[in-house]
Novice: 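Mind looking over this structure? Questions follow.
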Amino acid sequence: MLSKRGIIVALVGLNLALAAGLILCSYSPPAAYAQGMGRPGDYLMATVQIRSDIDALVVIHAPRAAMHVFRPQEQRGHIALQWVMSRDLNRDFRRRTQ
């Protein structure tokens, strides 16, 4: 049978384990927001998932309504961003009038 001291140690240990579980379950990492409009240069940058294992960087130049896409590419033993494509957003989203 456990002594009073053994019961107290067990209860303190249980409380520490419950407190650690509560802290770990309630933590959420801070949110990351893309750069807002109206800043110097008028650029907006964000990452998008293009495959299950690769992300791409999307850069939008607001005054020109242009979108540029870059993806990581290994070059000479290091990773560099490689241009993939550009889009004219005004042309892409222009409504067709009929």
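Along the sequence shown, residues carry numbers from 1.
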Novice: Find out if a path of hydrophobic residues (ILVMFWY) with successive side-chain heavy-atom gaps under 4.5 Å connects L14 to L24.
Specialist: no
Novice: Could you tell me if the side chain of V84 sits less than 4.5 Å from the side chain of F70, heavy atoms only?
Specialist: no
Novice: State plainly whether one hydrophobic cluster holds both V12 and I23, where clusters connect Ile, Leu, Val, Met, Phe, Trp and Tyr through side-chain heavy atoms under 4.5 angstrom apart.
Specialist: no
Novice: To the nearest 0.5 Å, what is the distance between OG on S86 and NE2 on H61?
Specialist: 12.0 Å
Novice: Answer whether the closest heavy-atom distance between the side chains of I79 and Q73 falls below 4.5 Å.
Specialist: no
Novice: Answer yes or no: is there a side-chain heavy-atom contact under 4.5 Å between L81 and L57?
Specialist: yes
Novice: As a test of understanding, state which of R87, M45, M67, H68 forms a side chain to side chain contact (heavy atoms under 4.5 Å, CB included) with V58.
Specialist: M67
Novice: Would you say the side chain of L44 lies within less than 4.5 Å of the side chain of V59, judging by non-hydrogen atoms?
Specialist: no
Novice: Run I60 and L89 through side-chain contact (heavy atoms from CB on, under 4.5 Å) and show every step you take.
Specialist: CA-CA 9 Å; I60 297 176; L89 298 176; 4.0 Å; yes
Novice: Atom CG in L18, atom CG in L11: separation rounded to 0.5 Å?
Specialist: 10.5 Å
Novice: Does a side chain donor of either R51 or Q49 reach within less than 3.5 Å of an acceptor in the other side chain?
Specialist: no
